[in-house]
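Below: the structure, in structure tokens.
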There are 2 protein chains.
Amino acid sequence: MKREKALKPAANATSSRGDTEPRRRSDRGAETRAQLIAAALEIFGRLGYEGATTRQIAKAADANLAAIVYHFGSKEALHLAVAEHVAKSILARIGPTLASISTPEATATPEAARAALHSLVGTMVDVLLGSADAERWARFIVREQLQPNAAFDVIYGFMENAMSTALHIATVILDTPEDDEIRLRTLTVLGQVLVFRVAQTLVLRRMKWTAIGDTERAMIKQVILQNLDAILEGTKP
Amino acid sequence: MKREKALKPAANATSSRGDTEPRRRSDRGAETRAQLIAAALEIFGRLGYEGATTRQIAKAADANLAAIVYHFGSKEALHLAVAEHVAKSILARIGPTLASISTPEATATPEAARAALHSLVGTMVDVLLGSADAERWARFIVREQLQPNAAFDVIYGFMENAMSTALHIATVILDTPEDDEIRLRTLTVLGQVLVFRVAQTLVLRRMKWTAIGDTERAMIKQVILQNLDAILEGTKP
DNA sequence: GTCTATAGTCGGATAGAC
DNA sequence: GTCTATCCGACTATAGAC
């Protein structure tokens, strides 16, 4: 928000390069772009948009400072490219699960629906807590929430999708229409997963853990799924 | 992380001013300090430590740039002073509730314990969602989680307190020893509250709300307390 | 496509008048 | 205690050699 002078360049935003010329022999360019995005994801997530500097990012990506402008057009465009990358990556992870529980069969009976919901929540826990990648994604996303940017809109898309699916399944299980109450309840389930990412510093201290590994993740998943069942059971009409 | 040169000054950190001279007639100094802290809370919360600039803060506080160094010693010291202010403010709000449920009577019977837990969670919802101040506190705290600083330690203290109390009450209700499982479950309850602060952009969009006012807060509280009861009921040994 | 060098701007901190 | 003026390091973005 500080240097809003020459925002003229950009031109070639994020993807769709090589549209003027056929794909050439070397993919050095693509590699550099990928490295820049990976480094930017990490650094934007930790320091925020303003706190991150293009020098840091270039250095972490083992690329040249000018490469950022060359490949993305500006610091801001790089930020947006990272958001797109995150959205795509997460969708790639939960997409299969989402698809498998979006079939009519998955919600044919309350039992099947319950299994589908377990599957979705379990996948969310795994995706959010199960990889170093996810750690970076989550940090980046939470930053966007704190300071909603254009990048947030990019990310919102897939969240919308997952939440809608979960909501629909929940209405089947509880046999109720979709109303504010069940919408809120769906959000509280999301919160139970998110807290382990967002308040992780607090979580680690309280649990006297040093990290959330496989064992810890399994415990967390078990507790959340038990809660989910209890909530489904306890709030039946 | 950028300008680690002259970190020499500081000297007079945050409070305890006027120890060299008796409190004088005017409290202009105290007022300026308060305004600076208020402005810094808002701006650090929104932009993060690195993203915030002392010029912005001074301007928002209607104070002079040099006043920051004069009163706090440095940008970093101001940041820490804000953390202390936040911790104190929150404790002032939940302290009474915390005290009232820390008595032996409050956990004498499972019924009383359940009421105490409701009281604590309800207060948390009110504090976190019920005031414009809380919005700022939450933003600031979440930032600290993403990028733990010295300031985080300041804030952790009161969280520890509230969590321990909640945990103890839960063990009474469930009549189980304190173990990892119940610790995790306590954190999932915290998550249900936090999500409405942390992912508020998402919440507002999904609920098609424009803000979380009294009505919305009441709905949220009801849903979370119902969940809490369901969880307590559904996970009994 | 990648690099170095640099232009132009903005940052935190300081000095010293009042 | 508060202010203006200023230093100087670090920032983003650019130009142009390779």
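Proteins come first, then strands; the chains are lettered A, B, ... in the order of their sequence lines, and each starts at number 1.
Across the protein-nucleic acid pair, A:Leu36 atom CG and D:dA13 atom P stand 13 Å apart, rounded to whole Å. Spacing between atom CG of B:Leu47 and atom P of C:dG12 amounts to 11 Å, rounded to whole angstrom units. The nearest whole Å value for the distance from the CD atom in A:Glu76 to the P atom in D:dC11 is 19 Å. A:His71 places its NE2 atom 8 Å from the C1' atom of C:dT2, with the value rounded to the nearest Å. Between the CD1 atom of A:Ile68 and the C1' atom of D:dA13 there is a distance of 11 Å, given to the nearest Å. What separates CD1 of A:Ile57 from C1' of D:dC11 is a distance of 12 Å, to the nearest Å. Rounded to whole Å, the distance from NZ on B:Lys75 to P on D:dG9 is 18 Å. Rounded to whole Å, the distance from CG on B:Leu78 to P on C:dG12 is 11 Å.
For the pair A:Arg33 and A:Phe72, the cation-pi test (distance below 6.0 Å, angle within 45°) is failed.
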All N/O pairs under 3.5 Å across the protein-nucleotides 3-6 of chain D interface:
{"residue": "D:dC3", "atom": "OP2", "partner": "B:Asn64", "partner atom": "N", "Å": "3.3"}
{"residue": "D:dT4", "atom": "OP2", "partner": "B:Asn64", "partner atom": "ND2", "Å": "3.2"}

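Taking A:Asp180 as the reference, A:Arg183 meet the salt bridge (charged side-chain N to carboxylate O under 4.0 Å, His left out) condition, with sequence neighbours excluded. Residues passing the salt bridge (charged side-chain N to carboxylate O under 4.0 Å, His left out) test with A:Glu160 are B:Arg206, sequence neighbours excluded. Applying the salt bridge (charged side-chain N to carboxylate O under 4.0 Å, His left out) test to A:Asp214 and every residue at least two apart in sequence or in another chain returns A:Arg217.
Legend: salt bridge (charged side-chain N to carboxylate O under 4.0 Å, His left out) pairs involving residues 65-75 of chain A, not counting sequence neighbours: none detected.
Of all non-hydrogen atoms in B:Ile68 and B:Thr54, the two that sit nearest each other are CD1-O, 3.5 Å.
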Using distance only, find each side-chain donor-acceptor pair of residues 194-201 of chain A under 3.5 Å and give its atom names and separation, not counting sequence neighbours.
{"residue": "A:Arg197", "atom": "NH1", "partner": "A:Leu128", "partner atom": "O", "Å": "2.5"}
{"residue": "A:Gln200", "atom": "NE2", "partner": "A:Phe196", "partner atom": "O", "Å": "3.0"}
{"residue": "A:Thr201", "atom": "OG1", "partner": "B:Gln145", "partner atom": "O", "Å": "3.2"}

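Checked against D:dT14, C:dA13, C:dG12, the side chain of B:Val69 finds its nearest nucleotide in C:dA13. Side-chain atoms of A:Tyr70 lie closest to C:dT2 of the nucleotides C:dT2, D:dC11, D:dT2. Taking the side chain of B:Thr54 as heavy atoms from C-beta on, and the options C:dG12, C:dT2, D:dA13, the nearest nucleotide is C:dG12.
Within the 4.0 Å cut-off from OP1 or OP2 of C:dT2, at least one side-chain nitrogen or oxygen of A:Thr32 is found.
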